[in-house]
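This report refers to the structure that appears directly beneath it.
One-based numbering, in listed order, for ligands and for the atoms of each. Owing to the predicted nature of the structure, the values given are computational and were not obtained by experimental measurement.
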Amino acid sequence: MFASKLVCTKCGEEYSSACGVYKCRKCGSPLDVRYHYEDIAEVIQDNDPWFREHPHMWKYWMFLPVSNLRKVVTLNEGGTRLYRVKRLEEKLGISMLYVKNEGENPTGAFKDRGSSVEITKALEFHARRVIVASTGNMAASISAYGAKAGLDVTIVVPEGTPEGKLLQARMYGAKVEVFGKTYDEALAEAERRATEEGYYLTGNYHFRVEGQKTTGFEIIDQLHFKVPDWIIVPIGAGTHLRAIWKGLKEFQRVGLIDELPRIAGVQIEGYDAIVRAWETGKPVERITEKVPTIASAIAVKKPVDGENVIRAVRESDGHLGTVTNEETLKAGMLLGREGLFVEPSSATALALARKMREEGIIESGDSVVVVATGHGLKDTDTWNRVIQS
Ligand SMILES: *Cc1c(COP(=O)(O)O)cnc(C)c1O
Ligand SMILES: [Zn+2]
């Protein structure tokens, strides 16, 4: 294993990669896993078979914090296809447009990349029971990987969580417990039980970041190590975007790429805490209003990786934008006509691409990758309403 230590993304405090550290004990910020990058570079250098290997998540094992590769908990996550969408290129006036279709993952969303690493680490730390606070895709994903590993999984959800969203978790055998009125309360309860009752806590923490950065690795690999001009990512907690950016910088650091793409993040109207902070230069503040949304997977009021998203966008000379429910639904319908059925939250990325092209931020000669984070069958209620209206 090439992972060396954990470092706080805000204050730089260092930790050994032990069990039970979920965030910085000094300042409460998220942690990052660091590696011995010179050793990784050596493994990859002139390694022709490695370059020829088909892109899939565990191809990048040297960038993942796992001690024993034979004990990886996997359901064949990753290895999702990158589609060139020619008709949309013409419609939007973008010369190269690709969709990374994360709905092809085992539970229908990119979360499986992170869950594979988190549950593998849970076994490494001899955990028997894992807990996660979630209302949707994270719950489904942790439940599936927990089941595969033979662990007890407990999902903590706030009151009023729609039963439909919990069906997947129940089918994978998870215990679903209702606690509190908001996601924040459910999360506090999950964290309390991890600390006081010995549950292994999963969610938007550093090991998940490591799995989810492989979305970025695969995009670069699938483009034959030619870096696109833009990668556009939907933002909920911001962990996926942060992860993709971390991974791309690691690819550059070990010499796999010379340049970096520009990263754009998209939020849905009403849940734009990060865009607001970006535009005003103020810290990311919790959204207090409750606004109806079609994009439940990204309707996050206090994004835990908000500051890390802003840093990534600043470092990459990127962009942050908001799209409306209406723009998102239109984008989803367009993707459908390309044979790609995505969750509303995922369609935001194409909606922002369109807007950025109209505003001239994306130029006609640019190559653009939009990350479609989850499968359309995850949220048939929303699409049914659109089709029937
Ligand atoms: C979780 C999720 C997101 C948001 O990802 P974050 O890491 O929370 O920013 C976007 N789309 C789908 C489908 C998701 O499940
Ligand atoms: Zn800190």
Side-chain angles (χ1 to χ4, degrees), residues 6-15 21-32 80 100-105 107-115 118 132-142 165 168-169 183 187 203-206 208-213 215-216 232-246 263 265-268 271-274 284 293-310 312-313 320 323 328 332 335 341-352 370-379 382:
L6 305 177
V7 180
C8 174
T9 54
K10 184 157 192 195
C11 75
E13 182 73 7
E14 297 187 0
Y15 300 86
V21 185
Y22 302 110
K23 49 191 176 187
C24 179
R25 290 190 174 136
K26 263 188 154 168
C27 75
S29 299
L31 304 173
D32 245 357
T80 60
K100 179 69 170 161
N101 192 24
E102 288 297 293
E104 292 170 14
N105 275 295
T107 75
F110 73 89
K111 299 273 192 317
D112 294 342
R113 299 174 183 273
S115 300
E118 277 196 317
V132 67
S134 163
T135 58
N137 294 343
M138 181 87 82
S141 184
I142 283 293
K165 281 199 162 190
Q168 251 183 312
Y183 170 76
L187 179 62
N204 282 316
Y205 308 102
H206 46 275
R208 171 163 298 278
V209 170
E210 296 309 294
Q212 290 176 183
K213 72 188 179 186
T215 307
I232 307 182
V233 190
I235 304 171
T239 309
H240 196 202
L241 187 151
R242 163 196 171 197
I244 290 172
W245 181 241
K246 177 180 192 269
I263 302 285
V266 54
Q267 291 189 292
I268 191 77
Y271 297 87
D272 56 347
I274 301 177
V284 179
T293 186
I294 51 136
S296 59
I298 58 169
V300 176
K301 292 184 173 169
K302 179 81 172 85
V304 60
D305 274 311
E307 303 295 344
N308 288 319
V309 164
I310 289 177
V313 169
L320 282 171
V323 292
T328 300
L335 285 167
F341 182 28
V342 308
E343 177 165 352
S345 297
S346 312
T348 55
L350 183 70
L352 187 70
V370 298
V371 179
T373 43
H375 200 286
L377 289 172
K378 285 261 191 188
D379 186 3
T382 301

For ligand 1, is there an N or O atom under 3.5 Å from any N or O atom of Lys111?
yes
Side chains of Ser29 and Cys8 in contact at under 4.5 Å (non-hydrogen atoms):
yes
Within the structure, does Gln212 bring an N/O atom to less than 3.5 angstrom of an N/O atom in ligand 1?
no
Testing Thr348, Val266, Val313, Leu320 for side-chain contact (heavy atoms from CB on, under 4.5 Å) with Ile235, which one passes?
Leu320
Give a yes or no on whether a salt bridge exists between Lys378 and Glu343, defined as a side-chain N under 4.0 angstrom from a carboxylate O.
no
Could you pull out the N/O/S protein atoms under 2.8 Å of the Zn ion (ligand 2), ignoring any water?
Cys8 SG, Cys11 SG, Cys24 SG, Cys27 SG
Would Gly238 count as a polar contact of ligand 1, with the cut-off being nitrogen or oxygen pairs under 3.5 Å?
yes
In terms of side-chain geometry, is the basic nitrogen of Lys246 or Glu210 positioned less than 4.0 Å from the acidic oxygen of its partner?
yes
If we set the cut-off at 4.0 Å for heavy atoms, which region of Glu343 has an atom near ligand 1: side chain, backbone, both, or neither?
side chain
With nothing but distance in play, are any N or O atoms of Asn137 less than 3.5 Å from an N or O of ligand 1?
yes
Ligand-residue contact atoms, ligand 1 with Ile298, heavy atoms, under 4.0 Å:
3 (C), 4 (C), 10 (C)
Around Lys302, counting heavy atoms of other residues, nucleotides and ligands shown, do more than 12 lie under 6.0 Å from its NZ?
yes
Donor on one side chain, acceptor on other, Thr239 and Asp305, under 3.5 Å:
yes
Could you check atom 8 (O) of ligand 1 against the protein and tell me its nearest heavy-atom contact, residue, atom and distance included?
Ala237 N, 2.8 Å
Backbone or side chain, does any N or O of Gly236 fall under 3.5 Å from an N or O of ligand 1?
yes
For the side-chain hydrogen bond (donor to acceptor under 3.5 Å, both in side chains) test, which of Glu118, His240, Glu102, Gln212 pairs with Arg113?
Glu102
Could you tell me whether Ser346 and ligand 1 have an N or O pair separated by under 3.5 Å?
no
Parallel, tilted or perpendicular: which one describes the rings of Phe341 and His375, with boundaries at 30° and 60°?
perpendicular
